[in-house]
Amino acid sequence: MVNLLTSGISLIRKMAPDHEGRWSDVRISRALHLADLAICESTDFLYASSEIELTDGDMEYAAPADAIDICTVEYSRDGITYDSLLIPANLQDLDRMSYTWEIDTGIGPDYYVMISSPGTPTYSKILLWRPISTTSGEKIRINYTACRPSSSDLTDVTVPRDLITRVYVPYAMFILLADGDIRLASEYLDEYAANIGYVRARYNHLGQEREEVLNDYR
Amino acid sequence: MTIGEIKTLFWDIFGGDDDIYPDVDAMLTESIGEACRDLSSEGDSIVDHSTINCVAGTQEYSLDDTGADKVLRVSYDHERINLIGKFTLQQARPYGWDRHQGKPRRYYLDGTNNKIGLFEIPSVDSVDGDYAIGIWHTVPAGVVSLDSATPLAPRWAHPYLLFYTLWKAYSMVSRSRDPERARLWRGLYLLGKERVKSRAAVPTPRSYFMREDGTEALRGGWPAMYPRHIEEA
């Protein structure tokens with residue numbers, strides 16, 4: 001059962017009736033946004049993807065602004081069907097494979113390098129090697145775990161109700177109470193920390209079968 | 001989040017406002033900038049590349065215009081060149097380390113003067129990006145000032161900038177001082193910094209194979225289990 005994340009506002013008000021006049025909806029929303037950022041980063045439960053059309057000779061492309069971790073990068077020759085995965089590498093790997101990788105071109109990239117931490121404004125990029133000198137609709141699809149950088153992103157967000165009560169409300173309560181009794185606020189932080197492992201386990205889609213699954217396809 | 005939004009959250013938690021605590025308000029923006037620089041410097045989380053045009057016969061070049069903090073990789077004419085210590089170079093080539101011209105194969109760094117030097121000294125001028133120095137380097141997060149600006153840190157790590165400002169505010173030697181709260185926010189900030197560092201270090205496979213033409217290629221594979229679920233220490 002899912003609820004709008006903003007339903008957490010009424011839950012929080014019920015938790016702290018004495019603070020009814022102190023906390024505006026806007027302030028509680030800000031606290032819920034902080035909770036959402038922390039939960040998205042701690043659990044990697046928000047999946048997203050972004051398509052980028054390649055341009056002539058370009059090696060670097062801006063990474064998604066809301067990315068936490070780049071998981072896979074797919075490549076499509078026709079811009080429609082994604083039929084290969086690019087191999088993650090770093091600059092040292094490229095140096096080892098080609099002395100002239102900075103100016104190499106080819107029929108399509110085989111590797112990608114993450115430049116800067118994902119989500120860093122301006123500097124977060126994906127470097128593809130080898131770039132295509134004359135493109136004809138090729139694309140890459142970046143699959144990543146995401147966050148919601150702006151509080152306005154939460155307007156229509158829905159999450160399972162038990163996540164709201166297990167992690168969102170405790171974290172938000174910690175933020176809201178932190179200007180008062182710090183020990184009371186810390187109790188809510190402890191509750192959040194105790195429950196975050198449950199959320200990770202719930203959204204861990206990898207499981208022990210990863211190697212077995214890969215072996216089946218090798 | 002913007003600088004202004006972080007400040008709003010700060011006053012939500014700290015209580016009061018800039019009229020009640022003008023001393024805290026004065027350090028707020030700078031504190032956010034300090035946090036950005038702290039996160040970026042230890043995690044090497046901001047990387048960029050720059051080009052320096054060479055002049056025939058000139059050995060050393062200033063790094064000032066590149067904004068480089070830590071040099072990660074250097075190339076000359078699009079080919080990687082290797083680092084050598086300046087004094088090691090002098091000992092290895094006592095006669096002519098600062099005179100021989102040719103195609104540079106090594107570079108040294110003069111950190112105190114923020115310069116990069118080449119050996120051998122370039123014998124040709126740079127032309128349209130060729131015969132130039134290419135530098136991959138980390139970038140320190142710059143000074144922030146506008147409330148509308150977005151801090152130069154991963155967007156998911158912006159709460160850690162808030163924690164840093166709270167830590168510093170409660171640590172001030174003023175009426176806002178509160179050691180217990182300072183410890184709490186410091187602990188949360190340091191945990192967050194470790195997460196930034198962990199996510200900046202992307203694990204990659206290290207298995208290579210030889211192609212028919214004799215070149216090496218990185219073998220495909222994803223030893224990292226994605227999503228990576230960075231665990232708390």
Side-chain angles (χ1 to χ4, degrees), chain A residues 27 30-31 33-34 37-38 40-45 47 65-72 85 87-93 95-100 102-103 110-111 114-124 145 147 149-151 175-176 178-180 182 186 193 200 203-206 210, chain B residues 1 5 8-9 12-15 40 43-49 72-73 75 78-80 134 136 139 150-159 162 166 178 180-181 184-185 188 195-196 199-200 202-206 208 215-222 224-232:
Chain A
R27 180 172 172 182
R30 287 198 289 263
H33 179 227
L34 277 183
L37 283 171
C40 284
E41 195 277 328
S42 291
T43 61
D44 289 315
F45 78 152
Y47 292 1
D66 58 345
I68 296 175
D69 224 349
I70 306 296
C71 300
T72 57
L85 279 179
I87 299 170
N90 57 32
L91 298 180
Q92 289 75 27
D93 294 325
D95 282 327
R96 183 165 173 175
M97 289 188 283
S98 171
Y99 284 121
T100 56
E102 292 182 16
I103 51 175
D110 296 304
Y111 302 92
M114 189 65 224
I115 304 297
S116 301
S117 285
T120 305
T122 308
Y123 291 94
S124 180
T145 53
C147 67
S150 170
S151 57
I175 294 294
L176 290 165
D179 65 337
I182 196 63
S186 296
R200 277 202 201 102
Y203 288 95
N204 182 352
H205 298 288
L206 298 172
R210 176 178 178 266
Chain B
M1 290 191 280
E5 287 170 329
T8 300
L9 280 162
D12 280 351
I13 297 173
F14 191 79
S40 66
D44 291 348
S45 58
I46 307 176
V47 177
D48 199 7
H49 60 89
L72 302 175
R73 176 188 180 274
S75 65
H78 309 292
E79 291 184 20
R80 193 194 74 177
W136 285 87
V139 177
T150 300
L152 202 54
R155 288 176 175 83
W156 52 269
H158 285 178
L162 170 66
L166 286 165
D178 188 325
E180 186 178 5
R181 290 176 198 274
L184 170 70
W185 295 111
L188 290 174
R195 300 183 78 83
V196 172
R199 290 202 182 270
V202 180
T204 57
R206 283 293 174 273
Y208 293 85
T215 59
E216 285 186 302
L218 187 60
R219 194 182 301 275
W222 289 265
M225 306 265 286
Y226 281 108
R228 286 197 286 156
H229 296 331
I230 308 297
E231 301 286 342
E232 283 87 11

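Here is how names work: the chains are called A, B, and so on, in the same order as the sequence lines, proteins then strands, and each is numbered from 1. We use all heavy atoms of the structure for the numbers below, so side chains are in, but hydrogens, waters and symmetry mates are not.
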Check whether any side-chain N or O of Ser116(A) sits under 3.5 Å from a backbone N or O of Val47(B) as a donor-acceptor pair, and report yes or no.
-> yes
Interface moiety of Arg80(B) toward chain A, non-hydrogen atoms closer than 4.5 Å | both
Leading residue by heavy atom contact count with chain A [cutoff under 4.5 Å; candidates Gly134(B), Pro154(B), Pro159(B), Ser40(B)] = Pro154(B)
All side-chain contact (heavy atoms from CB on, under 4.5 Å) counterparts of Ser98(A), not counting sequence neighbours | Thr100(A), Trp101(A), Asp104(A), Trp129(A)
Between Pro149(A), Ser150(A), Ala193(A), Ser151(A), which has the largest tally of heavy atom pairs under 4.5 Å with chain B?
-> Pro149(A)
Side chain Arg155(B), main chain Gly119(A), donor-acceptor under 3.5 Å | yes
Does Phe14(B) have any ring pair (Phe, Tyr, Trp, His ring centres under 6.0 Å) partners at least two apart in sequence or in another chain, and if so, which?
-> Phe10(B), Trp11(B), Tyr21(B), Tyr170(B)
Among the options Ile68(A), Asp110(A), Ile103(A), Ile115(A), pick out the one with the most heavy-atom pairs lying under 4.5 Å from chain B.
-> Ile68(A)
Heavy-atom distance under 4.5 Å to chain A: side chain of His49(B), backbone, both or neither?
-> side chain
Under a 4.5 Å heavy-atom cut-off, does chain A meet the side chain of Leu166(B), its backbone, both or neither?
-> neither
When rounded to the nearest 0.5 Å, the distance separating CD of Glu41(A) from CZ of Arg199(B) is 4.5 Å
Contacting region of Ile13(B) [heavy-atom separation from chain A under 4.5 Å] = both
